[in-house]
Amino acid sequence: MNAGKLRHRATIQQLVNIDDGAGGSIETWQDIVTVWAAIEPLRGNERYTAQQVQSTLSRKVTIRYREGIKSQMRLTYKGRIFDIVSAIDIKELHQWLELLCSEVVQ
């Protein structure tokens, strides 16, 4: 991977529980780290759900290797949200992470 292709500034987020002060908790997304990334489309498809057309777009996002990135996290870029489906350490060299993501567009 050529580092020059990392031209998108994206933020990785994690779902956390925060005390609401009334004995309960609220789930919210918390920023973990902002990284340079290469975001590339893989494929798109459309589904008819509840008489609505919903498009799901698959993306491959490549970033420099970071420990702790998991499929329970998500990535945001310019107001768009990408759910991380899997995180792959390319060639197990701890240099690059390939994140396979899905973006739901309504």
Side-chain angles (χ1 to χ4, degrees):
M1 165 61 79
N2 180 354
K5 292 185 178 185
L6 304 179
R7 57 186 176 89
H8 304 99
R9 197 73 171 146
T11 301
I12 296 175
Q13 298 179 326
Q14 177 176 306
L15 191 61
V16 295
N17 289 319
I18 296 177
D19 184 16
D20 67 0
S25 64
I26 300 170
E27 285 188 337
T28 187
W29 289 97
Q30 181 179 42
D31 292 353
I32 300 299
V33 65
T34 300
V35 296
W36 288 103
I39 301 174
E40 304 172 50
L42 289 178
R43 63 177 172 255
N45 59 32
E46 291 183 343
R47 289 183 281 161
Y48 291 94
T49 307
Q51 298 180 5
Q52 295 179 355
V53 176
Q54 182 181 46
S55 298
T56 303
L57 302 173
S58 297
R59 302 277 189 246
K60 178 177 78 170
V61 179
T62 306
I63 63 172
R64 293 183 196 283
Y65 181 81
R66 290 193 74 85
E67 185 133 351
I69 305 298
K70 302 174 189 167
S71 61
Q72 297 87 3
M73 297 177 173
R74 73 181 191 181
L75 185 131
T76 62
Y77 171 69
K78 290 190 175 181
R80 297 164 53 196
I81 298 172
F82 303 91
D83 292 325
I84 298 174
V85 176
S86 65
I88 302 163
D89 180 3
I90 299 174
K91 297 182 182 179
E92 298 289 325
L93 295 175
H94 299 328
Q95 292 178 348
W96 302 102
L97 267 183
E98 187 174 272
L99 308 175
L100 299 179
C101 301
S102 64
E103 176 186 19
V104 177
V105 181
Q106 297 194 28

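- Residues Val35 and Phe82 are members of one and the same hydrophobic cluster, defined by side-chain heavy-atom contacts under 4.5 angstrom among Ile, Leu, Val, Met, Phe, Trp and Tyr.
- Note that the OG1 atom of Thr62 and the CG atom of Leu100 stand 9.0 Å from one another [nearest 0.5 Å].
- A chain of hydrophobic side-chain contacts below 4.5 Å, direct or via other Ile, Leu, Val, Met, Phe, Trp or Tyr residues, connects Ile32 to Ile63.
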Open item on the list: Applying side-chain contact (heavy atoms from CB on, under 4.5 Å) to Gln95 and Ile90, what does each step give before you reach the verdict?
Closed with: CA-CA 7 Å; Gln95 292 178 348; Ile90 299 174; over 6 Å; no
For residues 67-79, run the donor-acceptor check on the side chains, cut-off 3.5 Å, and write out each pair with its distance to 0.1 Å, sequence neighbours left out.
{"from": "Arg74", "atom 1": "NE", "to": "Gln13", "atom 2": "OE1", "distance (Å)": "2.6"}
{"from": "Arg74", "atom 1": "NH2", "to": "Gln13", "atom 2": "OE1", "distance (Å)": "2.9"}

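- Only one option out of Arg80, Lys60, His8 pairs with Ile39 in a side-chain contact (heavy atoms from CB on, under 4.5 Å); it is His8.
- Arg9 places a side-chain heavy atom less than 4.5 Å from the side chain of Trp36.
- For Asp19 against Gly23, the heavy-atom pair with the smallest separation is OD1-N, 4.4 Å.
- The two residues Asn17 and Glu27 come nearest to each other via the heavy atoms OD1-CG, 2.9 Å.
- A continuous path of ILVMFWY side-chain contacts below 4.5 Å connects Val33 to Val61, so both sit in one hydrophobic cluster.
- The distance from the CD1 atom of Ile12 to the CG atom of Leu97 is 8.0 Å, given to the nearest 0.5 Å.
- Of all heavy-atom pairs between Leu6 and Ala38, the closest is CD2-N, 3.6 Å.
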